[in-house]
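Following: one structure in structure tokens, then a few remarks.
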Amino acid sequence: MDLRLSEEQQQFADSLRRWIEKDYTFEARLKIIRSDAGVSQPAYAALTELGALALAVPEEAGGMGGSSEDLMIVMKEIGRGLVVEPYFATILAAEFFKQAGAHKPILERVAAGDMKLACALNEKGAGHELFNIGLAARQDGAGYVLNGAKCSVVHGGQADGFVVSVRTGGGQRDRDGITLVHVPRAAQGLTVTDFRTFDGQRGADLAFADVRVPASAVVGQAGQGWDILEAVTDYGVALLCAEAVGAIEQANALTLDYLKTRKQFGVPIGTFQVLQHRMADMYIHQEQARSIAVLAAVKVQTAAPDERRKLVSAAKVRVGKALQFVGQQAIQMHGGMGMTNEMSISHYFKRLTAIEMTLGNTDFHRSRFISQPGFAAV
Amino acid sequence: MDLEYKEEDLRFRAEVQAFFRENLPKELSDKVRARRHLKREDAVRWHKILAKKGWIAPGWPRQYGGTGWSAMQRHIWAEEYALAYAPPTLSFGLNLLAPVLLGFASEEQKQHYLPRIYDAEDWWCQGYSEPGAGSDLASLKTRAVRQGDHYIVDGQKTWTTLGQHADMIFCLVRTSAQGPRQQGISFLLIDMKTPGITVRPIITLDEAHEVNEVFFDNVKVPVANLIGEENKGWTYAKYLLGHERTGIAAIGNSKRELKVLKRRAAKARVDGKPLLQEPQFAARVADVEIELMALEMTALGLVADGARSKIGPEASLLKIEGTQISQEISQLQLESAGPTGLAFDPAYLDGRTEHAVNGDDDAAPLAAHYFNLRKITIFGGSNEVQRNVISKMILGL
């Protein structure tokens, strides 16, 4: 057992952190999120240059074939730096193609940084149930015709293409009959409504009106998309946990700094025991979240499905608790200043809250954890 | 990263499991499993089995009988120890006094006391706490006044765990009232049979006799029983409190108790359905299981090869989380008994009757266990004091 990062991994993390500290400062980020585009092409190019995109792509498609553990390191720095670029959306969509073992040209373009992707998985009224799919794909010759809608597609407005979960058979909540298709941004009949999300990122609603895709657009096997959908989103959850841990660590660091410098009644507020104990609890949450996030990220790609579901859901539950406690208490400890949009702590709180609502919240994953066969096996 | 146990660690685990299987008397593990009170002879019997194997004092240097195990091996040992339902060892001599002797005692004192601890010839108890002191240890008042080659000790200690069985007590005593109060404290070993010592039981809320008050009235203690230098006792006490304690998170214990909880909750019925399938109860079980998974990773991060740091102030995190988890599991276990858990049956707990009065042997000890476990967030430095340690030593507040 050895829980250290390799020298290579550490160097990768350091170079990302240096870039963030130099070029992706809080002020630079504020400018980006307040711009019309909401994202920064130079920043995306820098991420590409650093190798963060290639890392997510297999070597045979021009990438570096990084493991989930490698990606965890990237996501932790992205969390620490509150990077709003469409990185996670792109690599998560790429993971679909990767696990399906096809679509090499798309992956090549992702690695080169000239194709952004997004995952269109959510539907209104489905909550966090990704198998609850109403978007219909009717077979038409060799291809499909899509009619329906997807909602809250993270960085949908910035994507060149989408991985979309559609229903080609079965009932609304069946695991069977789910198909994953690649839909280009330019497809006829596709309407993308771009909006801001509360954490400074972008989201989009997608409307499909007779959108035609060829049979070659299917990612994996038609009608049998659930296994990949679940495996890829579990991979995504593990990475989101890593991002949350990066943000939690930074939120704690900012709060600690504030406790040491802000004075009240003539002394730094960090001399008050009630705040010391709260900060100690925030630290404990951070360490517990970090531990289980590592466990999930290291094992998400290699564990058998039952074990993977258990670990990933456990991680999202524990990280979910930590991010709520740390986020809320960080604001409380900053007092009135924490309520202002000018302080970076409020932006950490917002991003952490968004992570809690992405790919299943704490309650959803707790239920999923309980429903795994291992839970009641005594 | 490598999250798998090494081949040699797996082999070690198998060896430890085999040892427990072959050497732990069933009467003892049954007693621990049933949570019935252990007697002095139970503890000594088990101690001698471990001593014979050479595994009684894993943390000691090899020359005195230590095992030379790595941090990971000691972690595995602690886990398997709990899973085997083995009785606790005589911790006060082995884990608390011995490090102080090794660090600060004279060669003669080491030669005399260490082998006796190893062979369970002396049962030690600890004289640290005093009435009104609690976590403010340095406010202790028990006086030791030097008269020739003796100290005369007067005062009172409290919360003296298992002092009713003890042959010897190691005490912090005040030898000077000059200067800062930490600087007038000495570390003294006292024979419990010395005239002037009275031990009075304290019955705790679970109606058990585990802790005592110890009174000293004109007690003559040879100066030869002083450890280290006079008035330097605080240094030794701090060393003892900060000494690395493996298994502080009680992860093996909580794993074991979580299984017990799930077995109970799978058997118990609510509206004909297993309690473990009742959504609110299942959610609480899931939360504590997940917390334990995270804590195990946190602990492994500290003991694995290439760990980021030695266990220092992080031990406080392990204590806070580990004790909270233990308490939560004990609460869920008690709740799983429903109204059956109300019966209190001292005769059964003491081993005077074979079966519980209400016919549910399994449920009988749950309440007492739940009440008894309230102590773990208080002793060994309360969890509030552990939060002080984290905020000072780790966070720099």
Side-chain angles (χ1 to χ4, degrees), chain A residues 1-6 9 67 69 72 252 255-256 259-260 268-273 275-285 287-299 310-311 313-319 321-322 362-363 365-372 375-378, chain B residues 1-6 9 72 75 258-267 274 276-277 279 281-287 289-308 314 316-318 320-321 324 383-384 386-392 394-397:
Chain A
M1 213 175 274
D2 187 345
L3 284 84
R4 286 173 304 184
L5 296 182
S6 70
Q9 288 172 328
S67 64
E69 188 185 322
M72 164 186 88
N252 271 347
T255 306
L256 189 55
L259 291 181
K260 287 175 181 174
I269 58 173
T271 57
F272 301 131
Q273 193 179 46
L275 301 191
Q276 292 175 349
H277 284 197
R278 188 98 37 86
M279 194 68 229
D281 285 336
M282 290 161 77
Y283 166 78
I284 293 172
H285 273 287
E287 292 302 295
Q288 289 284 81
R290 198 179 51 76
S291 290
I292 206 157
V294 165
L295 180 64
V298 171
K299 296 210 163 171
K310 176 186 162 181
L311 291 175
S313 283
K316 193 70 163 55
V317 169
R318 187 61 190 87
V319 170
K321 280 188 184 176
T362 300
D363 283 346
H365 280 284
R366 187 190 290 111
S367 298
R368 186 175 182 244
F369 181 85
I370 290 166
S371 70
Q372 296 312 307
F375 179 73
V378 288
Chain B
M1 287 186 195
D2 178 9
L3 299 191
E4 305 304 321
Y5 285 96
K6 284 188 196 157
D9 289 331
M72 178 58 86
H75 174 85
L258 182 68
K259 276 190 198 156
V260 171
L261 165 63
K262 284 190 175 185
R263 267 203 299 273
R264 287 194 54 81
K267 259 196 330 199
L276 194 55
Q277 285 174 24
F281 195 83
R284 290 165 66 200
V285 174
D287 278 347
E289 180 174 354
I290 291 167
E291 202 65 42
L292 182 57
M293 287 168 71
L295 188 63
E296 183 175 21
M297 274 304 291
T298 302
L300 286 171
L302 293 169
V303 300
D305 285 352
R308 64 202 167 95
E314 292 89 353
S316 295
L317 185 166
L318 298 182
I320 292 170
E321 283 291 297
Q324 287 179 174
N383 282 20
E384 286 72 23
Q386 305 300 334
R387 285 182 174 86
N388 289 349
V389 171
I390 290 175
S391 74
K392 265 200 194 61
I394 299 178
L395 304 174
L397 284 172

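For the numbers below, each heavy atom of this structure counts, side chains included, while hydrogens, waters and symmetry mates do not. So you know, we letter chains A, B, ... as the sequences are listed, proteins then strands, and number each from 1.
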Which distance, rounded to the nearest 0.5 Å, do you find between the CD1 of A:Ile284 and the CD1 of B:Ile390? 4.0 Å

Look up atom CZ in B:Arg387 and atom CD in A:Gln273, then write down how far apart they are to the nearest 0.5 Å. 10.5 Å

Could you tell me the separation between the CD1 atom of B:Ile290 and the NE2 atom of A:His365, rounded to the nearest 0.5 Å? 10.5 Å

Can you sort out the partners of B:Lys6 under salt bridge (Lys or Arg N to Asp or Glu O under 4.0 Å), two or more places apart, ordered by chain and number? B:Asp305

Just to verify, what does A:Thr362 make a side-chain contact (heavy atoms from CB on, under 4.5 Å) with, not counting sequence neighbours? A:Val317, A:Gln324, A:Glu356, A:Arg366

dist B:Thr298:OG1 -> A:Gln288:CD (nearest 0.5 Å) comes out at 4.0 Å

Select one option (side chain, backbone, both, neither) describing which atoms of A:Phe375 are under 4.5 Å from chain B's heavy atoms. both

Okay, A:Met72 and chain B: the region with an atom under 4.5 Å from a heavy atom over there is side chain

Distance from A:His277 atom NE2 to B:Glu384 atom CD, nearest 0.5 Å? 6.5 Å

Could you tell me whether the side chain of B:Met297 reaches within less than 4.5 Å of the side chain of A:Leu3, counting heavy atoms only? yes

I'd like to know whether A:Leu311 forms a side chain to side chain contact (heavy atoms under 4.5 Å, CB included) with B:Met293, so could you lay out the CA-CA distance, the side-chain angles of the two residues, the decisive distance to 0.1 Å, and finally the verdict. CA-CA 9 Å; A:Leu311 291 175; B:Met293 287 168 71; 3.6 Å; yes

Return yes if some donor-acceptor pair links the side-chain N/O of A:Glu287 with the main-chain N/O of B:Leu317 below 3.5 Å, else return no. no

Is there side-chain contact between B:Met1 and A:Val294, with at least one heavy-atom pair below 4.5 Å? yes

Where on A:Glu69 is there a heavy atom nearer than 4.5 Å to chain B: the side chain, the backbone, both, or neither? side chain

From B:Ile320 atom CD1 to A:Tyr283 atom OH, the distance as rounded to the nearest 0.5 Å: 10.0 Å

